[in-house]
Amino acid sequence: MDRNAKVAVTLGDPAGVGPEVIVKALAALPREERRDFVIVGNVEALERADRVTGTGLRFGPADAPGDDRIAVDEVALGAALPEIGKVSPVAGDASVRYITRAVDLAMSGQADVIVTAPINKEAMNLAGHHHDGHTGLLAHLTGSKSSFMLLASERLNTIHVSTHISLKGAIERAKTERVLATIEAGHRHFLRLGKTARIAVAGLNPHCGENGLFGTEDTEFLAPAVEQAQAKGIDVVGPISADTVFARAYNGAFDLVIAQYHDQGHIPIKLVAFDTAVNVSLGLPIDRVSVDHGTAFDIAGTGKANHVNMLSAIAYARLMARSPRQRT
């Protein structure tokens, strides 16, 4: 790949809106900035998206510099391009192939950061790839023990102790070691971006258990994690009742909230920043940012998909690419 493409953008599920939001986002960027990107996917899928969106972009091999085409790192599918708007194992397998290739680019230093378009977990599993989504797949591909999901927006940021597991499993995972590791991951990320974060840990039980009336996990596991993080010099408080901590953070009291499970962190973010919040994977040896929406099969192929979230993901990815990684 001769072009110095610092941002690798994966196509996502080719039957979803990923290709459409990618071409619309790139079309919205100045022409000279488009050379900073390589799309990991298929020219055919991008041209199909271009036809329904009317962006007028051109696409070509990633090793063909000197023209105005968007660089594409072509990934062989082994099958015809899947029908748009439908769940299929072909599309699920394609989405995994795109991510695998992008990880190779990032691990080899050919890309500084990955931006991922949405995938469909059902399609991925139909294809025999049994992961919980991007987060688990990326951890697997990079040989990482685990990773952390950060949802980032202008006024509210949350990082999750657990994500795509049952609520029962999430309660079992909210142990001191994992909560502490989540606090530390968020702290390191903000340091990387040049800021010492004011962190609040959301409680697991109503009113943080009300001194044991509604459960003991907050005092037994969460509070010790906070104390250990404080002993390491991290600016963190809690646990704080989840029914107030997100509002306090949104109004400026905290820079980051530690959410104990998927919906606890996702619901407030999607309420206040549905179109602009992005998904950031922490704890991996590579950098990855994603849109925070799904494949939207119901509107795929219509050109109606909103690309604002993809633009937000691209902007955050560039921010990370400009910031050196914190080593621990």
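In this text, all values refer to a predicted model and were calculated from it rather than measured experimentally.
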Out of the candidates Val9, Thr55, Ile39, only one should pair with Leu26 under the side-chain contact (heavy atoms from CB on, under 4.5 Å) rule; please name it. Ile39
What distance do Arg192 atom CZ and Asp287 atom CG have between them, rounded to the nearest 0.5 Å? 4.0 Å
Please determine whether residues Val90 and Leu137 belong to a single hydrophobic cluster, defined as Ile, Leu, Val, Met, Phe, Trp and Tyr linked transitively by side-chain heavy-atom distances below 4.5 Å. no
Got a donor-acceptor contact below 3.5 angstrom from the Asn42 side chain to the Ala45 backbone? no
Is the CD atom of Glu210 crowded by more than 12 outside heavy atoms at less than 6.0 Å? yes
When you compare the side chain of His129 with that of Ile99, does any pair of heavy atoms fall below 4.5 Å? no
Which atoms form the tightest heavy-atom contact between Gly294 and Val17, and what is the distance? O-CG2, 3.9 Å
Contact between Arg198 and Phe190 at the side-chain level, heavy atoms closer than 4.5 Å - yes or no? no
Do Phe274 and Leu156 share a hydrophobic cluster (ILVMFWY, side-chain heavy atoms under 4.5 Å, transitive)? no
N/O donor-acceptor pair under 3.5 Å between Asn309 side chain and Asp292 backbone: yes
So how far is it from Thr158 OG1 to His262 NE2, rounded to the nearest 0.5 Å? 10.0 Å
Is the shortest side-chain heavy-atom distance between His307 and Glu20 below 4.5 Å? no
Can you hop from Ile119 to Leu151 via hydrophobic side chains spaced under 4.5 Å? no
If hydrophobic clusters are built from ILVMFWY residues whose side chains come within less than 4.5 Å, do Leu256 and Tyr250 share one? no
Has the side chain of Arg97 got a donor or acceptor atom that lies under 3.5 Å from a matching backbone atom of Ala76? yes
Kindly give the heavy-atom pair with the smallest separation between Thr53 and Ala49, and that separation in Å. OG1-O, 2.8 Å
Smallest heavy-atom separation, Phe37 atom then Ala71 atom, equals O-CB, 3.8 Å
Quick check: is Leu126 connected to Ile84 through a chain of hydrophobic side chains (ILVMFWY, heavy atoms under 4.5 Å apart)? no
Spacing of CG belonging to Leu191 relative to OG1 belonging to Thr196, to within rounding of 0.5 Å: 5.0 Å
Please give me the minimum heavy-atom distance between Ile299 and Ala305, naming the atom from each residue. CD1-CA, 3.9 Å
Would a 4.5 Å heavy-atom cut-off, applied to side chains only, mark Met149 and His266 as touching? yes
Nearest 0.5 Å, what's the CG-CD distance between Leu204 and Gln264? 7.0 Å
Neighbour count above 12 (heavy atom, 6.0 Å) for Asn211 CG: no
Would you check if Gln260 and Val201 make a side-chain contact, meaning some heavy-atom pair closer than 4.5 Å? yes
Begin from the C-alpha positions of Lys175 and Val161 and carry the test side-chain contact (heavy atoms from CB on, under 4.5 Å) through to its verdict. CA-CA 9 Å; Lys175 297 295 191 288; Val161 173; over 6 Å; no
Can you tell me how the ring of His189 sits relative to the ring of Tyr316, calling it parallel under 30°, perpendicular over 60° and tilted otherwise? parallel
Closest heavy-atom contact between Val115 and Ile314? CG2-CA, 4.5 Å
Donor-acceptor contact present, side-chain Arg318 to main-chain Val7, <3.5 Å: no
Distance-minimising heavy-atom pair for Phe59 and Asp50: CE1-CB, 4.2 Å
Distance in Å, His140 NE2 paired with Thr100 OG1, rounded so as to fall on 0.5 Å steps: 8.0 Å
Arg322 and Asp112: CA distance, side-chain angles, deciding distance, side-chain contact (heavy atoms from CB on, under 4.5 Å) verdict: CA-CA 9 Å; Arg322 292 193 300 268; Asp112 293 323; over 6 Å; no
Begin from the C-alpha positions of Val179 and Phe221 and carry the test side-chain contact (heavy atoms from CB on, under 4.5 Å) through to its verdict. CA-CA 8 Å; Val179 175; Phe221 303 119; 5.9 Å; no
In terms of heavy-atom contacts, does CD of Gln228 have more than 12 from other residues, nucleotides or ligands at under 6.0 Å? yes
dist Tyr98:OH -> Asp93:CG (nearest 0.5 Å) comes out at 9.5 Å
Measure from the side-chain N and O atoms of Arg248 to the backbone N and O of Phe254, and report whether any donor-acceptor pair falls under 3.5 Å. no
Heavy atoms, side chains only, cut-off 4.5 Å: are Leu311 and Lys24 in contact? no
Side chains of Arg288 and Ser147: do they bring a donor and an acceptor to under 3.5 Å? no
I'd like to know whether Val272 forms a side-chain contact (heavy atoms from CB on, under 4.5 Å) with Phe246, so could you lay out the CA-CA distance, the side-chain angles of the two residues, the decisive distance to 0.1 Å, and finally the verdict. CA-CA 11 Å; Val272 302; Phe246 293 99; over 6 Å; no
Does the side chain of Val291 come within less than 4.5 Å of Asn279's, by heavy atoms? no
Partner of His207 under side-chain contact (heavy atoms from CB on, under 4.5 Å), picked from Asp243, Asp218, Leu213, is Asp243
Quick one: does Glu154's side chain get under 4.5 Å of Thr276's, heavy atoms only? no
